[in-house]
Structures are given as structure tokens and as C-alpha cells.
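These notes are about the structure you will find just below.
First the proteins, then the strands, lettered A, B, ... as listed; each starts at 1.
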Amino acid sequence: MIELKENFERYLEDESSVKGQAEKVIIPENENEISEIFKFSQKEKIPVTISGGRTGVTGGAVPERGIVISSEKLKKIEFDEKQQILKVQAGVFLSEIEDFLKKTPFFYPPDPTEKLASFGGTVATDASGARGFFYRRTRNYIKKLKVILPDGEIFECKRGEFIEKDGFLKIMGKKVPCANFKMPDVKNSAGYYSKKGMDAVDLFVGSEGTLGFIFEAEVKLIPQENFTGILVFFTDYHFWDVLNFLKNKKQKIVSIEFFDENSLKLLKEDFPQIPSSKSAIFFEIKGEDFEFVEKIEKFKNIKEIFVAEKKREKEFVKNLRHRLPEKINEIVRLKGFTKVASDFAVKDENFKEMFKLHTKAKDEKIPFVLFGHIGESHLHLNFLPEKKEDFEKSKVFIKKLAQRIIKMSGTITAEHGVGRTKKELFYMMFSEKEIEKMLLTKKSLDRQMLLNRGVMFQE
Amino acid sequence: MDVIVCIKQVPATTQVKINPVTNTLIREGVESIINPFDLYAIEEGVRLKEKFGGKATVISMGPPQAEAALREAISLGVDEAILLSDRNFGGSDTLATSYTLARAIKRIGEFDLVICGKQAIDGDTAQVGPGIAEELKLPCVTYVKKISEVKDGKMVVERMMETGWQIVEMELPGIITVVKEINEPRLPSLRGKMRARKAEILIWNASDLACEMDRIGQPGSPTVVKRIFAPPQKPAGKILQGDIDAVSQELADELKRLGII
Ligand SMILES: Cc1cc2nc3c(=O)[nH]c(=O)nc-3n(C[C@H](O)[C@H](O)[C@H](O)COP(=O)(O)OP(=O)(O)OC[C@H]3O[C@@H](n4cnc5c(N)ncnc54)[C@H](O)[C@@H]3O)c2cc1C
Ligand SMILES: Cc1cc2nc3c(=O)[nH]c(=O)nc-3n(C[C@H](O)[C@H](O)[C@H](O)COP(=O)(O)OP(=O)(O)OC[C@H]3O[C@@H](n4cnc5c(N)ncnc54)[C@H](O)[C@@H]3O)c2cc1C
């Protein structure tokens, strides 16, 4: 294992612009080394922060102090063709999984936009991408996990082997309370997974590194699919008919995304080919089906439709979609502020209301962009404040918006996780009692609260 | 402004395999695409026609499957597509290719400008554009990165050089070959794709073009290929990562080992 005592600035930040501190960075090469570090941490009461690709946008991987453990040397991938299972270690990038699978007739459906995310990080945050509309999220593909628990024990759990009973999971001799509160019934990344009869795998997936180090996992693969992407540009904000039409074609459509006028303006700086328009929907269908795409043409207020079926065209759309969040983060960082953004989701029946509330952002007279995975009733509002005063104003707006979303039984984070920057909203979303229950789960595995200290829970 | 764009269908990889017996390219099993530089030629042609009115025609010499490349060009806004296909064209070198394309351009008749890509990513000679110009006795400017003015039968273009660019005024009709800096090719619209599906692709053969038979195909190709081979692959570079001191030491050791320092 490698130990860095200086020159490790890059480990002190992620994509959220939160800055941290640490005494040293350790880069282990196997599970036993991680186990040793954890034991040492518990004995000496030194906080440990887990660092993956650091593409997180809520500061989860940013240390407050103590030791950083980086997964970057855990790079093994094994492929079992017969079982259609891939065994992946934490430090493998999503892009590397993609490249690896190109040689096989299979693919791994979770598709968060950022391909330099580490696999471990995507399991820890239960990442999901645009195709979540059809393929759901990371947890739906995890068959087996190897986790290093905060006390250094190495826990292997296969789906189906460890099931909640009477509010507890038995994990390596420890009684871990769980399944003791109600999760919102929407696309959600806030808080631990909680459901009667739940699997231990589901407790660790999405726990944001607070319950253990995800060392490796076996994931289910599915046969390669060919997708055609369609970009529909509108002359106004009346994309609802197209949205409803698509939502009713569940078996055919794999993703539905939205871009507002400001998003499109930003993108046009780098992709001058796209037409000037007020809003756009991007969706993907399975296979190639021109007759289906032609049906979209009859809807009103459409300025232009692009179809991406050739490799070059798909590459273009992929770059376009990735560029937006990346560009937003760049702008925010350039101005020296942290990201002020919503990652809210509600039930489908409340989506129109949520959308309307988000568009009220324009009354604040602060630059913003609005986009999101509208197939799953999920939006990202990002403010791009230029001065301190506007930065503060936009935070207030997001907080007020969160209150309304919570009233609708929605979530304050559908995909990015709570991390360090969404704790305040997290504490608004759940009652004191519910938070207390999650703390009990945490403490049953990490009594001294040393692992990923400051993530999810306030001190 | 009537524009003719020449496009070539090429394998989607620069790693072409070569048949060691016949010294020709093995094209089976590799996806075919429009030569990437030719996408910029198409885009420029379509933009000129959109700006000044007129017609954009695309031509390609190749086997019947090159029709796919022509349809794609139509989806990108070109009005008409012509495929030059004939068994007798087989085995053409750059001279025969240039001659054949020139015959087709002659047959089209009316035009102000011919646009080619800078070079094809498989053949890589960059000879065909200038070859056509020679055949038709037209002015030719290569490596064009910008068309800055079109006026009174003349055109001002910027030509990319290694250390800057040249501003050149040329007479029309003429020929240019373009580099990637010239524009951003558009995405095909749904309507463009629908049009491409239904479009009729004209096919012209050697007799349609009234070709001299000893100037096309193998007989018209004086080039003798001694050997075609892929250059040996450079081994991948090594990236040293980690602590700056450790990495510096490692780099110094490596340079010593290689006898560089
Ligand atoms: C341009 C851009 C686009 C994005 N798009 C999406 C998207 O579409 N969908 C989406 O869900 N997210 C998206 N994200 C957010 C981010 O990419 C995901 O959250 C991703 O899962 C984080 O992975 P990472 O390896 O970078 O994790 P990090 O940022 O390193 O860490 C994230 C959290 O996971 C913990 N962690 C990391 N590795 C492990 C491990 N091995 N074991 C236990 N805990 C661990 C960290 O401690 C931290 O709390 C995007 C980010 C950017 C910058
Ligand atoms: C002896 C010999 C035998 C050959 N035999 C064969 C063979 O049997 N089959 C075969 O496929 N190739 C064969 N070739 C290769 C063929 O001659 C070249 O691919 C062709 O002449 C174009 O040259 P290039 O690829 O270097 O194009 P470049 O000169 O680099 O291309 C520049 C531009 O010219 C235009 N252009 C080039 N080719 C065409 C075209 N065909 N149609 C329209 N526009 C075009 C495009 O705009 C392109 O961007 C042979 C070559 C030689 C020397």
C-alpha cells in the first residue's frame, strides 16, 4: 500500500467545490490492508474518509480530517460469461466497465452521466442515470457485496442470505437495527434503505460509505441492446404532450430527459449545431423504429428533431448530455461558490406542480439552469450566482423549494446523495425520530462514528 | 451557388488490415463510415447553398454499398446524390479515381465549387482533390479552414499552414479541400433522415461518364504498390502516478535505465 503525507490536494475536494483537510492519504491494494487501517482508526479514534472517483457533487468524499482511503488501486474485473455476472472492484471506473464489456455481448445498465465515477462510489451512492426510467438504479444489479466494516471485519453478503427479521439484520455477530421507518415512494437517495424483509445488500448500497468500505461486488449483466436517441427541440415550454405520450410507452422508452432554455443556451456555446429553442426533450428507445419517431413529429411546437442512431451521432448526444452538468460545475467553481442545486423528485402525479415551483427560480433574477430526468419526475435546478448576495439568496430559494417538495412526500435528493452539503435538507425531510433510527443503524456498526464522519449526520 | 461535394466511404478505423497477397485493403467486417473530413466538406457545401441558394450535389466512387454514405449525406442536407459504380472502376489508384470523379463532375456540368476532404483516413494520400483540379484545369486550394468571402466569381479562403494561415483569393469555379477547423458538422434532423430513406440515388457507370477505358480502374492506374503495411505500433507511454517525490525518483531512474541521462 502507498501512503501519501503531502502533495495530496486532489484528495481534498470533489465536484461539489467543498474543500477539506486530512493528515494523510492511504492507497490500499487489498481488503486486508483496508481492514488494518480501519482497526487502527477505531483504536486511535482517527476519522477515515473513503475516496472513490471524487466525482460526487455533495462533498461525501471530502475529508474533514484524519485519514483518506482511496480505492484507486482496486482495479480488478472478472467476467463469468455463463452466469452473466461481472465481479468488479471498487476502483474500476464506469468507463472501464463499459470498455471491458464492449468485447462481450452484455451490458451493465446503470448509466450515471459521469463515467469517471468509481464503481465503489456508484454502489455507495446507488447511482442511477438517464436510463433509470427503464433500468432502475445500481442496487437492482448488485448480486453480492464484499464490504469492510468499520471495525475491520470483512463481510461478504450474497443477495438472499441476510434478511431483516424483527427490525434487525445480523451482520458478523452484530445486531444492526433497520427497516424501521418509511422511505419516500419516489426515486430516492436520501437516508438508508428501509423496508420490511429487506436484504443486507440493500442496506450497504446507497449508504454513502457510512457503514463500510464497498470492496467489490458482483453485478448482473443483461444482453446488449441497441438504443436510438431522439432529441426534440421545442419552440416553447409545451413539452408536456410529448412527455405524457412517452411515459405511456413504458416497454419501449428507456430514458426521458429535459433541458430548459438556459441549459440549451449554455450547450450551444460548445455545440453550435443545436438549434435555438425554448426547451428540449431527449429520449431513447430500444432498437430502431422510425415509425415511432415519426409519431412524435405530429405534436405541436416542435422546432427540430434529431435522431442519433449512428455511432458518431450517439457520441455527439453523449457528449452533449455530459457537458451540461460538467459545465455547470465549472462555472460554479470559477466563481468560487459551492454548488446550489436541487436534486428533487416527487411522485408522477405531483410532477407538474414541482416543475412549476422550479420555474419560479426566474423571479430571483439570478442565472440558473433547469434540467433533469423527467421520466422519473426528477429535476435539477442549478443556480449560477455571480456574487455572494445571490449565492445566499439562491440557497434560501432551494431550501424553500425543498419544504414544498417534502410536503408533497418527495425527496430532497433523488440521485446525488446527502453527503455533506445536503444535511440541512436531509434533517428537514426526516423527523427527529427517523434520523435517530438511522443513527442507531450507523452506531451499531461504527459506535465512535469514525467512518465518513460528517456524511449524512450532523455532529 | 452550385456545389459538388466528393465523399469517400471508409472503414471506421485507422487500423485497416491489408491482404498480404493482393496488397489491398481488407474491408470485410469493419463498419463503414463517411470519411470524417468529408463530413466537413458536406457541411460547408450545405451551408454555402443555404446562404447563397443553389444546389448541393454529392458524388462518391465506390462499390454499391457506398450508397449508405450517400444517403447519410442527403440526411445532412445535400440535395442530390450520385454513385459512380462499375466493375471497371475497381483497382483505381488516385489518378484513375481523380479522372473518374472529374468525368462525373463534367457530366453534372453546372457548378461553382467542388469540395473535397483534406484526405481519406484509409488511403491517406490527399491527392484526389488536386488530381480532379488538374484533370478539369481548375484552380485548387488545399487545407481550407475558412471561406471568408464569395463575390463576383471569386472566393477568398484561409488556408491552414503549419505556422499560421494563408489568405488566398481564387477564381470560381474551383476546387477546395477542407480541414476540420472549417465548421461543426450538424446532426441529421428527422426530416433529413426520412428524406434520405426515400431519396433516389443516381448510379452512373463508365459508359454513362464516357470514360476512356484505359484511364479507369486497373488499366488507368500507373501506381505500382510495392508493399502496404501498417507502421509498427508505438508501445503505450507510461504514466507515473502518486507522490511527487516518489514519481520524480522513478522518472529519474527510468531515464537512467534508458541511458538518456
Ligand atoms: C458531470 C457529472 C455528472 C453526474 N451525473 C450523475 C448521474 O447521472 N447520476 C448519479 O447518480 N450521479 C451523478 N453524478 C454524481 C457522481 O458521479 C455519483 O455520485 C458517483 O456515484 C460518485 O462516484 P465516485 O467514485 O466519484 O464517488 P466519490 O465522489 O469519490 O464518493 C461519493 C461517496 O461515496 C463514498 N464512497 C466512494 N467509494 C466508496 C467505496 N468503495 N466504499 C464505500 N463508500 C465509498 C464516498 O465516501 C462518498 O461519500 C455526476 C457527477 C458529475 C460531476
Ligand atoms: C494500385 C492501387 C490499387 C488500388 N486498388 C483499390 C481497390 O481495388 N479498391 C479500393 O477501394 N481502393 C483501391 N485503392 C485505393 C484508392 O486508389 C484510393 O483509396 C483512392 O484513390 C483515394 O485516395 P485516398 O484514399 O488517398 O484519398 P485522398 O486523396 O486522401 O482523399 C481526398 C479527398 O478526395 C475525395 N475522394 C477520395 N476518394 C474518393 C472517392 N472514391 N469518391 C469520391 N471522393 C473521393 C474525398 O473528398 C477525400 O476527402 C488502390 C490504390 C492503388 C494505389
Side-chain angles (χ1 to χ4, degrees), chain A residues 1-11 24-27 29 70 72-73 75 91 228-233 267-275 277 280 282 288-299 302-320, chain B residues 7 9-14 30-40 42-44 46-47 50 68-77 117 121 146 180-199 236 239-250:
Chain A
M1 90 187 158
I2 299 170
E3 210 175 298
L4 309 179
K5 292 221 170 83
E6 49 187 12
N7 295 321
F8 50 65
E9 284 70 29
R10 63 181 184 282
Y11 295 93
K24 62 177 166 187
V25 175
I26 299 181
I27 309 170
E29 288 175 23
S70 165
E72 69 201 65
K73 289 251 153 148
K75 284 287 194 189
T228 305
I230 296 105
L231 254 169
V232 188
F233 294 89
L267 285 171
K268 206 168 161 61
E269 291 173 8
D270 297 343
F271 301 91
Q273 303 96 322
I274 63 173
S277 56
F282 173 72
E288 286 169 24
D289 186 345
F290 258 76
E291 283 63 48
F292 183 80
V293 183
E294 274 192 289
K295 283 191 193 139
I296 304 293
E297 255 206 318
K298 70 172 197 286
F299 287 100
I302 292 179
K303 177 147 189 187
E304 184 83 80
I305 300 177
F306 283 159
V307 184
E309 49 177 354
K310 297 205 162 67
K311 205 164 152 210
R312 173 177 76 87
E313 298 158 356
K314 286 181 185 174
E315 209 61 33
F316 176 90
V317 188
K318 194 168 136 189
N319 293 339
L320 186 88
Chain B
I7 68 168
Q9 195 181 44
V10 297
T13 159
T14 45
V30 190
E31 188 202 350
S32 295
I33 57 169
I34 295 180
N35 176 39
F37 290 103
D38 300 351
L39 287 170
Y40 297 81
I42 294 171
E43 178 67 28
E44 204 57 24
V46 173
R47 284 189 192 183
E50 283 171 353
L70 292 168
R71 288 201 188 276
E72 189 175 348
I74 289 183
S75 79
L76 293 166
I121 59 162
K146 190 175 175 188
K180 289 188 173 177
E181 285 72 13
I182 195 163
N183 57 43
E184 291 281 353
R186 68 194 64 189
L187 266 195
S189 67
L190 175 64
R191 257 167 239 144
K193 287 211 165 180
M194 298 313 294
R195 216 164 62 77
R197 292 192 145 204
K198 290 171 195 145
I239 295 173
L240 305 176
Q241 260 178 335
D243 177 48
I244 191 84
D245 289 334
V247 169
S248 312
Q249 190 57 49
E250 210 177 320

Assess the residue pair Glu31(B) and Lys310(A) against the criterion (side-chain contact (heavy atoms from CB on, under 4.5 Å)); give the C-alpha distance rounded to whole Å, side-chain angles, the decisive distance to 0.1 Å, and a yes or no.
CA-CA 11 Å; Glu31(B) 188 202 350; Lys310(A) 297 205 162 67; 5.7 Å; no

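- Residue contact with chain B, scored on non-hydrogen atoms closer than 4.5 Å, involves the side chain of Glu297(A) exclusively.
- By the 6.0 Å contact criterion, NZ on Lys311(A) is open, its count of non-hydrogen atoms from other residues, nucleotides or ligands being 12 or less.
- Interface summary for chain A: among Leu187(B), Ile244(B), Asp245(B), the most heavy-atom pairs under 4.5 angstrom belong to Leu187(B).
- Ranking Leu190(B), Leu39(B), Asn183(B) against chain A, the residue ahead of the rest is Leu190(B), based on heavy-atom pairs under 4.5 Å.
- Counting heavy-atom pairs closer than 4.5 Å to chain B, the top residue among Val293(A), Ile27(A), Ile296(A) is Val293(A).
- Using a 4.5 Å cut-off between heavy atoms, Glu3(A) makes no contact with chain B at all.
- Of all the listed residues (Pro36(B), Pro185(B), Pro188(B)), the one sharing the greatest number of non-hydrogen pairs under 4.5 Å with chain A is Pro188(B).
- In this structure, chain A has no heavy atom under 4.5 Å from any part of Ile33(B).
- The only option from Lys193(B), Arg191(B), Met194(B) that meets the side-chain contact (heavy atoms from CB on, under 4.5 Å) definition with Val307(A) turns out to be Lys193(B).
- For Lys73(A), the NZ atom counts as loosely surrounded, since its 6.0 Å shell holds 12 or fewer non-hydrogen atoms of other residues, nucleotides or ligands.
- Proximity to chain B (any heavy atom under 4.5 Å) is shown, for Phe306(A), by both the backbone and the side chain.
- Applying the 6.0 Å contact sphere to NZ of Lys314(A) captures more than 12 heavy atoms from other residues, nucleotides or ligands.
- Only the side chain of Leu4(A) comes within contact range of chain B, judged by heavy atoms closer than 4.5 Å.
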For Gln273(A) and Glu43(B), what are the C-alpha separation, side-chain angles and deciding distance, and is it a side-chain contact (heavy atoms from CB on, under 4.5 Å)?
CA-CA 11 Å; Gln273(A) 303 96 322; Glu43(B) 178 67 28; over 6 Å; no

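- No salt bridge links Arg186(B) with Glu304(A); every basic N to acidic carboxylate O contact stays at or beyond 4.0 Å.
- Here the CD-CD1 distance, from Glu184(B) to Ile274(A), works out to 11.5 Å after rounding to the nearest 0.5 Å.
- Within 6.0 Å of the NZ atom in Lys298(A), the count of heavy atoms belonging to other residues, nucleotides or ligands exceeds 12.
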